[in-house]
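Side-chain atoms are counted along with the backbone in the values below, which use heavy atoms only and exclude waters and symmetry mates. Numbering of residues begins at 1 and proceeds along the displayed sequence.
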Amino acid sequence: MSSLASSHGALSRGVRDARPVLPGHARIHNLALVQRELFHAGAMSRADLARATGLTRVTTSALVGELVDRGTVVERGLRAPSGPGKPGVLVDLDREGLQVISLDLSGVDAYRGALMDLTGKVLAREEEPRRSGESSRQAQEAVLALARRLRGRADRRVLGVGVGSPGVISDEGVVLAAPNIGWEGVPLRDLLQRDLEDPVVVRNDANAAALAEYTLGDADPDLFLVRVGRGVGGALMVRGELVVGRYNAAGEIGHVPVGEGGGPPCACGKRGCLEAWISVPSLTRLLHEADRDGGSAEDVLSGAGTRLGIMLAPIVGALNLSDVVLAGPADLLGGRFLDAAQEALRSHILGRFHTQVRIRLPEHSDDIVLRGGLVMVLESELGIS
């Protein structure tokens with residue numbers, strides 16, 4: 001893991017971990033290495049796996065045996081003959097035999113969930129409506145009910161539960177602050193873990209989306225992702241590592257005012273925050289107002305996209321990023337909105353050094369947080385990233 005982007009998001013300041021590296025640590029690392037290689041490369045023989053990982057054949061065989069006993073790796077039959085000698089037995093992750101529950105709590109009208117296999121195939125979907133004016137306790141009960149229904153639909157071993165939630169999330173899965181849900185200090189991981197009796201990982205929804213785009217998509221290892229839903233959040237990855245910041249609030253761009261004061265009121269109490277301009281409810285309201293008053297939808301989308309581009313310019317300029325992902329409803333964020341954001345971004349940075357920068361919509365935008373929940377569980381339980 002890079003010292004720039006450690007799991008706590010803080011620079012190392014030259015301080016090294018003084019704890020000794022024990023044999024058990026190397027074994028855990030090697031087990032994760034084997035599973036990661038199989039996940040990305042697909043089924044292969046033990047000999048091929050040894051060559052791909054750089055481990056000895058004896059070590060690889062022992063690790064595969066342990067993973068088979070754990071039920072995360074299975075044998076797939078003989079490899080096709082390619083020369084003299086007995087063909088090797090193919091091994092692979094049990095992609096269809098293990099299942100993951102994933103929850104996306106960032107939706108405008110509903111909390112969404114899916115039961116998925118390790119390939120990312122959705123086996124079942126469930127939703128729980130968001131009720132206007134619901135209390136924090138009611139929102140928690142809705143999420144628990146959603147998770148229970150998905151757990152009841154699982155017909156194989158559940159590897160874990162991944163949750164993408166709006167707000168600032170602690171390392172322990174506590175939602176420290178989520179104004180759009182009305183949560184503050186909610187121990188979401190513990191609530192779900194106690195109820196479902198499965199391992200649970202909770203992260204900010206934008207961070208979940210960034211993990212999905214990096215592990216399952218076609219993202220650069222250095223990227224900034226903007227998640228637009230009920231709220232607006234950002235996620236930063238540097239050299240393939242998620243940067244969360246010292247207080248787990250890296251990427252919280254939604255509540256930064258854009259422009260010269262004024263603007264629409266925001267849920268945080270300020271006016272003119274980015275979220276008040278481009279969140280799905282805000283942008284939808286602005287479009288309805290323009291239609292009612294004879295205004296132009298193109299002007300609304302152009303103005304909102306421009307504000308996003310202006311907000312992104314110092315981030316892209318400071319980190320010299322070339323990949324910016326905009327995850328949200330394509331019918332709102334594509335077209336004029338995306339074009340305006342791109343134009344504003346390029347006009348506010350030094351073009352000579354950022355000629356390749358692009359803002360793009362991901363391929364699986366609707367399910368990107370759910371896919372992020374899958375990646376979170378793969379990372380937590382199998383060491384796959």
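Using a cutoff of 4.0 Å between basic side-chain nitrogens and carboxylate oxygens, R95 and D117 are not scored as salt-bridged. A salt bridge links D323 to R360: one of the charged nitrogens lies within less than 4.0 Å of a carboxylate oxygen. Salt bridge annotation for R125-D367: present, with a cationic side-chain nitrogen under 4.0 angstrom from a carboxylate oxygen. Salt-bridge formation is not detected for the pair R148/E197: no Lys NZ or Arg NE/NH1/NH2 atom is positioned less than 4.0 Å from an Asp or Glu carboxylate oxygen. Using a cutoff of 4.0 Å between basic side-chain nitrogens and carboxylate oxygens, R149 and E128 are scored as salt-bridged. A salt bridge does not link K270 with E275: every distance from a Lys NZ or Arg NE/NH1/NH2 to an Asp or Glu carboxylate oxygen is 4.0 Å or more. A salt bridge links D104 to R112: one of the charged nitrogens lies within less than 4.0 Å of a carboxylate oxygen.
Remark: the E343 side chain and the S347 side chain contain no N/O donor-acceptor pair separated by less than 3.5 Å. In the model, S279 has no side-chain atom that pairs as donor or acceptor with a side-chain atom of R230 under 3.5 Å. If you check the side chains of T72 and D94, you find no donor sitting under 3.5 Å from an acceptor. Residues S45 and D48 have side chains that bring a donor and an acceptor to within less than 3.5 angstrom of each other.
The closest side-chain heavy-atom distance from V68 to V74 is not below 4.5 Å. Side chains of V100 and L374 form a contact here, defined as non-hydrogen atoms less than 4.5 Å apart. Between L49 and E37, the closest side-chain pair of non-hydrogen atoms falls below 4.5 Å. Considering only heavy atoms from C-beta on, R227 comes within 4.5 Å of I368 through its side chain. No side-chain heavy atom of T215 sits under 4.5 Å from any side-chain heavy atom of L378. Inter-residue side-chain proximity for D339 and F337 is flagged as unmet; no heavy-atom pair is nearer than 4.5 Å. Side-chain contact between I349 and V357: present, with at least one pair of heavy atoms (C-beta onward) separated by less than 4.5 Å. Within the 4.5 Å cutoff, no side-chain heavy atoms of V174 are placed close to those of V186.
Taking a 6.0 Å sphere around CZ of R137, one finds it holds 12 or fewer heavy atoms contributed by other residues, nucleotides or ligands. Within 6.0 Å of CD on E184 lie no more than 12 heavy atoms contributed by other residues, nucleotides or ligands. Counting heavy atoms of neighbouring residues, nucleotides and ligands inside a 6.0 Å radius, atom CG of D109 does not exceed 12 of them. Crowding of H288 atom NE2: a count of heavy atoms from other residues, nucleotides or ligands under 6.0 Å not exceeding 12. Residue-environment remark: CZ (R57) stays at or below the threshold of 12 foreign heavy atoms within 6.0 Å.
Between N204 and G167, the shortest heavy-atom contact is ND2-O, 2.7 Å. Summarising the geometry of L93 relative to Q35, their closest heavy-atom pair is CD1-O, 3.8 Å, with the distance given to 0.1 Å. Of all the heavy atoms in E134 and Q138, the pair that sits closest is CA-OE1, 3.2 Å. Between L225 and A206, the shortest heavy-atom distance links the atoms CD2-O, 3.7 Å. The minimum heavy-atom distance linking L283 with A304 is given by the pair CD1-CB, 3.7 Å. The shortest non-hydrogen separation linking W183 to A139 is NE1-CB, 3.5 Å.
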Apply the test side-chain contact (heavy atoms from CB on, under 4.5 Å) to residues L332 and L287: give CA-CA distance (whole Å), side-chain angles for both, the deciding distance (0.1 Å), then the verdict. CA-CA 10 Å; L332 283 177; L287 286 168; 3.6 Å; yes
Checking salt bridge (Lys or Arg N to Asp or Glu O under 4.0 Å) for the pair R76/E96: CA distance, chi angles, key distance, verdict? CA-CA 12 Å; R76 296 291 191 194; E96 293 80 29; 3.6 Å; yes
Derivation of the side-chain contact (heavy atoms from CB on, under 4.5 Å) call for S106 and S165: CA-CA 6 Å; S106 66; S165 170; over 6 Å; no
Intermediate values then yes/no, side-chain contact (heavy atoms from CB on, under 4.5 Å), E66 and L31: CA-CA 9 Å; E66 181 173 345; L31 287 167; 3.7 Å; yes
Could you walk me through whether R156 and L98 pass the side-chain contact (heavy atoms from CB on, under 4.5 Å) check? CA-CA 6 Å; R156 305 287 177 90; L98 296 169; over 6 Å; no
Carefully, step by step, assess D222 and S322 under the rule side chain to side chain donor-acceptor pair (under 3.5 Å). CA-CA 8 Å; D222 300 323; S322 61; over 6 Å; no
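Only one option out of V158, L191, V161 pairs with L196 in a side-chain contact (heavy atoms from CB on, under 4.5 Å); it is V161. Screening I169, V163, L242 for a side-chain contact (heavy atoms from CB on, under 4.5 Å) involving R203 leaves a single residue, L242.
Atom CD of Q140 sits about 7.5 Å away from atom CG of L188, to the nearest 0.5 Å. Residue L33 holds its CG atom at 13.5 Å from CD1 of I28, rounded to the nearest 0.5 Å. Atom CG of D198 is separated from atom CG of L159 by 9.5 Å, given to the nearest 0.5 angstrom.
By the rule that hydrophobic residues join a cluster once side-chain heavy atoms approach within less than 4.5 Å of another member, L103 and V168 end up as members of separate clusters. Clustering ILVMFWY residues whenever any of their side-chain heavy atoms sit less than 4.5 angstrom apart, transitively, puts I310 in a cluster other than the one holding W277. Linking Ile, Leu, Val, Met, Phe, Trp and Tyr residues whenever their side-chain heavy atoms come within less than 4.5 Å places L333 and I278 in a single cluster. L338 and F224 fall within the same hydrophobic cluster, where Ile, Leu, Val, Met, Phe, Trp and Tyr residues are linked whenever their side-chain heavy atoms come under 4.5 Å apart, directly or through other members. When hydrophobic clusters are built by joining Ile, Leu, Val, Met, Phe, Trp and Tyr residues whose side-chain heavy atoms come closer than 4.5 Å, directly or via intermediates, L382 is not grouped with V202.
Looking only at distances, a side-chain donor or acceptor of Q99 sits under 3.5 Å from a matching main-chain atom of D155. Using modelled atom types, one side-chain atom of H348 and one backbone atom of A344 make a donor-acceptor pair closer than 3.5 Å. Distance alone, capped at 3.5 Å, is enough to place a donor-acceptor pair between the T284 side chain and the V280 backbone. Using modelled atom types, no side-chain atom of H364 and backbone atom of E213 make a donor-acceptor pair closer than 3.5 Å. Distance alone, capped at 3.5 Å, places no donor-acceptor pair between the D293 side chain and the G295 backbone. Between the side chain of R371 and the backbone N or O of A209 there is no donor-acceptor pair closer than 3.5 Å. One N or O on the side chain of T306 and one on the backbone of S302 form a donor-acceptor pair closer than 3.5 Å. Side chain of R130 to backbone of L105: a donor-acceptor contact under 3.5 angstrom is found.
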